[in-house]
Amino acid sequence: MRSERRKPYPFDQIEPKWQAIWEERQLFHAPNPGEKGFDLGKPKFYILDMFPYPSGAGLHVGHPEGYTATDIVARYKRMRGFNVLHPMGWDAFGLPAEQYAIKSGQHPAVTTRENVAKFKRQLKRIGFSYDWQREINTTDPLYYKWTQWIFLQIYNSWFDPETKRAEPISTYRGTDPDSVRLAYVADVPVNWCPELGTVLANEEVVDGKSEVGGFPVVRRPMRQWMLRITVYAERLLDELDKLDWPEGIKLLQRNWIGRSEGAEIDFKIDKGDQEIRVFTTRPDTLYGGTFLVLAPEHSLVDLIVTEEQWPAVREYRERTARKSELERVDLSKEKTGVFTGAYAINPGNNEKIPIWIADYVLVGYGTGAIGGVPAHDERDLEFAKKFDLTIVVVVQPTGDEPAIGFTGEGIAVNSPIINGLTSAEAKKKITAWLEERGLGKRAINYKLRDWLFSRQRYWGEPFPIIWKNGKHRSLGENELPVVPPSLDDYKPTGTGEPPLAKAKEWVRYSDKALRETNTMPQWAGSCWYYLRFCDPHNDRRFVGEEAERYWSGIGFQPMSHRQDANAAAGIVDLYVGGTEHAVLHLLYARFWHKVLFDLGYVSKPEPFQRLVNQGIILGEDNQKMSKSRGNIVNPDDVIDQYGADAFRCYEMFMGPLEQMKPWSMRGVEGVARFLARVWRLMMIENQAAEWELSPAVKDVDSTKAQQKILHATIKKVTQDIESLSFNTAISQMMIFVNAFTNVDAIPLSAMRAFLGLLNPFAPHTTSELWERLNAKFSDARGGITEQRWPTYDEQLLVEDETEVVIQINGKVRDRIKMPILATQEELKSAALSNPKIQDRIAGKTVRNVIVVPKKLVNIVV
RNA sequence: GCCGAUGUGGCGAAAUGGCAGACGCAACGGACUUAAAAUCCGUUGGGCCAUAACAGGCCCGUGCCGGUUCGAGUCCGGCCAUCGGCACCA
């Protein structure tokens, strides 16, 4: 048993005290336009954390890393006069609650409520300055009513390729609007996970296994809801340029969208009138195309297979269909395929080439068919070697590599129309040639697939859709929210039919119409939560127009800030969260936002202007924190022992925010010591062991040196918060405190300014000290959170004298004090006449002298 | 395989091309104490020389090899290692 150790300072009393005061006074509530306390003169700042999934395990120290960073910025921005939107909520639909329900029989709503309460209590203990009046929960019918409403907007829209925008479906002039809706139903090969009893999005499948649970996933065609995100591929790609995101994350999204430029070429079938369209990025290799390969699922396969090849083709297709995603993706395996018996004509040279099917060609990419160019494509080469197909070299490498297997750019050969051209020129020319003859055209392809949007689960948003005579139709807005039925049995049916189908009463919408029984994926709620935070209690609109415009920085900003605000493409000024959402949440949210933007519901084209990813916190053993390793650190334990302020400061002091770094309890202790030193700078323990204000704190002027270090600290902390370099900001404040330790008189004004700087990091301790100062001195009014951020005077930082380094051949040999204004000549002569230097250069020729004013003199001999 | 990030003391880390290791941890020594804890003060990259001691001096050092530069942790080229992402995308 640890003996009840005396606290180095009474954080256990002051932290709950200040948390209660903040809550009671609602100090961190951000008023909306029209609300009491709203100040038109303040610019807005929207700073958002990726909201958590409230799991049963509660918070671990990784969560509050990003939250602390944003909280520091939020508190700082408030002190700089911003109206700061800093909300928190719960992304609470999803598998774990449902899995738990299956095991325990407890309704997911109950577990969700308990988990949320636990998370909220833990977050409050850390002293975050969230505007809790704006708390939202994706599983609240008042919230998901609007998730369903947005789905209806998507469902009732189409993408006009002319304007490249979403438009209401009523503007569509074609015959079958259902074929162009942004939400549609399709029979698609999906990732079916038998163990979970549900289909998964491509993004939820990792190495052929489910991301959740690691269960095997197989391909299987099913009727599913899809969202037509692919029509936005171009904009999702191009508009990344406007965002202040880490380049790495932008790159991940670019790769995920996977734009590639090339041509679509039509190959006539030898005996028959069909054509096979292939996509290629290398139209310049057309003459080297010695066979075609179709994906096994390609729709033309049925039409072209010859009688004698049927059994082999059928067998191959069945085998492919049975394969799990893992088997199919396995690269180490050999290429497989079957000849269809049919031939096509290469439009370049009119040669007859065989048509094969093989599972290395994917039905979902391009046209699901390729022209095999074995000489210049690794996969085609492997395939051609295995099945003994013709190999023709059509690109000559400019270096001395072998031509067969050369996939780079070179010079076209054996290609009558383009011989002698570079690959780039050849691409252009052959594409133009094909276009003239109606044999092909320039084409752009994206790797991005449409978003598989339905799940066979209980704990998710039901679709606001009903089925009648085999056709789907949307419910009216007045029928929202569609609330899921309560069920006794949440288990997946195992057949792929969703659990909601078990609620027979609920499913029956009317005599002739049935409800859609799929639910939305977990991503749905997080696709727009940042919008709801702007106006969380609006019951007439998903977000009020005025609130949306205000928090987007439009219309209401003071003139001085208007330009900045309008330059931003995104509504959220700073968004902090983990990298794991680089291509899932962040892409889906951008997509929804763009649809809403096109339809005129939001004023900015992007959701998140600046994105920062916090690094993962490892256990003390340098391993990823996990239950099995037993290295998980619980914030509650840390706070019990060292207090919330020490916890916050340590999270920031560990190292750069974006870096992965290990936890260290010793490190927490060090930071706790720093806070205790701050405390004792102003407080002293009396005979009765009570803390009282130290008599050393006096309303006196700072010494010159103290003034200098104060202003240097203001400057550094200000700049470091702006650049999110919290670790070095804390270092500087430690230097400040060290400088004031053991001095006789502690100047009040310096302490006031310092407490302001430290407040965003350690809000409880600084609030308490501020209040204690107020009790004795009358130089300041109000609580610390109402104070303006300290400013620094550059003049006070200027030194009269500076230490100049003297180097010989780049090596430091001596240091001299020189006036700050010393000229280059003065520095040079001072260096050369320095006795130590004279000794060293005696007898040598000085060849060059480099002088860097205020810094150094380098003598080259 | 392709793409990206990272590599600095015993540890977490800091350094607009200009004194490498700020700040913190740990360790060691000292003060205070009956004692310990706490606190305060000091030392602390490695090697060598020197001295009675204090002081002082020299060399090496930011994953490895090379380059640019008066000067490189920082810029350029090549490699190695670790982590992350993508992975038959035609």
Side-chain angles (χ1 to χ4, degrees), chain A residues 3 5-8 206-207 246-252 254-256 258-260 262 278-282 285 289 293 295 328-331 333 335 358-362 364-373 376-380 382-383 407 445-449 579-580 582-583 615-616 620 622 624 649-650 653-656 658-671 673-674 676-677 680 725 727-738 741-742 803-815 847-852 854-861:
Chain A
S3 62
R5 219 181 55 195
R6 229 172 51 78
K7 312 275 190 236
V206 179
D207 290 335
E247 279 308 314
I249 299 293
K250 286 191 187 181
L251 198 68
L252 285 179
R254 288 197 185 102
N255 291 343
W256 191 265
R259 182 182 196 272
S260 53
V278 305
F279 172 73
T280 175
T281 55
R282 294 296 298 271
T285 62
V293 189
R328 196 166 162 169
V329 155
D330 189 2
L331 272 175
K333 72 164 181 145
K335 292 269 179 295
D359 67 2
Y360 82 91
V361 176
L362 309 173
Y365 183 77
T367 59
I370 62 156
V373 186
H376 307 295
D377 182 285
E378 278 176 47
R379 298 149 300 182
D380 296 345
E382 203 186 316
F383 191 73
T407 57
N445 244 296
Y446 295 94
K447 221 164 85 178
L448 184 70
R449 309 295 158 82
T579 341
E580 65 271 23
V583 283
I616 293 169
E620 299 225 37
N622 248 298
K624 225 173 186 161
C649 289
Y650 177 66
F653 187 65
M654 290 170 79
E658 304 192 46
Q659 191 170 302
M660 186 189 286
K661 43 208 178 284
W663 187 265
S664 156
M665 275 305 180
R666 298 281 201 182
V668 184
E669 221 171 295
V671 172
R673 273 205 282 267
F674 159 66
R677 281 157 73 94
R680 287 195 313 267
S725 311
N727 54 330
T728 48
I730 293 172
S731 293
Q732 180 63 36
M733 289 189 281
M734 288 174 168
I735 291 170
F736 177 92
V737 171
N738 291 346
T741 300
N742 288 339
E803 196 175 73
V804 172
V805 169
I806 308 175
Q807 296 179 333
I808 295 174
N809 292 340
K811 288 187 173 157
V812 180
R813 294 305 180 193
D814 203 8
R815 310 179 166 103
R847 286 203 297 236
N848 194 7
V849 179
I850 286 113
V851 179
V852 182
K854 297 182 223 177
K855 284 261 160 80
L856 63 75
V857 180
N858 188 14
I859 299 162
V860 186
V861 293

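Below, chains carry the letters A, B, ... as their sequence lines are ordered, and counting in each starts from 1. No hydrogens, no waters, no symmetry mates; every other heavy atom, side chains included, goes into these values.
In this structure, A:Met654 atom CE and B:C11 atom P are separated by 16 Å, rounded to whole Å. Rounded to an integer number of Å, the gap from CD1 of A:Ile370 to P of B:C88 is 13 Å. When rounded to the nearest whole Å, the span between OH of A:Tyr650 and P of B:C23 equals 18 Å. Going from atom CZ of A:Phe653 over to atom P of B:G12 covers 13 Å, rounded to whole Å. Between A:Met734 atom CE and B:G24 atom C1' there is a gap of 5 Å when expressed in whole angstrom units.
Nearest to the side chain of A:Thr741, among B:C23, B:A13, B:C40, sits B:C40.
Looking at residues two or more places apart in sequence or on another chain, you find no salt bridge (Lys or Arg N to Asp or Glu O under 4.0 Å) involving A:Arg666. Partners of A:Lys855 according to the side-chain contact (heavy atoms from CB on, under 4.5 Å) rule, which considers only residues two or more places apart in sequence or in another chain, are A:Val852. Partners of A:Thr407 under the side-chain hydrogen bond (donor to acceptor under 3.5 Å, both in side chains) rule, at least two apart in sequence or in another chain, do not exist in this structure. Checked against side-chain contact (heavy atoms from CB on, under 4.5 Å), A:Glu620 has the following partners two or more places apart in sequence or in another chain: A:Trp663, A:Ser664, A:Met665.
For a distance-only test at 3.5 Å, the side chain of A:Lys855 fails to qualify as a donor-acceptor partner of the base of B:C19. The base of B:A90 lies outside donor-acceptor range of the side chain of A:Thr280, with no N or O pair under 3.5 Å.
Here, B:C65 and B:A52 have their P atoms 40 Å apart, quoted to the whole Å. When the C1' atom is used for both B:A13 and B:G9, the distance is 11 Å, rounded to whole Å.
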- In dot-bracket form, how is RNA chain B paired, counting a Watson-Crick or G-U wobble pair only if both its distances are under 3.5 Å and using | for bases paired to another strand? (((((((..(((.....[....))).(((((.......))))).(((((......)))))..(((((..]....))))))))))))....
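Counting all heavy atoms, side chain and backbone alike, A:Val361 lies closest to A:Ala295 at O-CB, 3.3 Å.
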Using atom names, set out every protein N or O paired with an N or O of nucleotides 65-72 of chain B below 3.5 Å, distance rounded to 0.1 Å.
| from | atom 1 | to | atom 2 | distance (Å) |
| --- | --- | --- | --- | --- |
| B:C70 | O2' | A:Asn858 | ND2 | 3.4 |
| B:C70 | O2 | A:Asn858 | ND2 | 2.5 |

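For the pair A:Lys335 and A:Tyr360, the cation-pi test (distance below 6.0 Å, angle within 45°) is passed.
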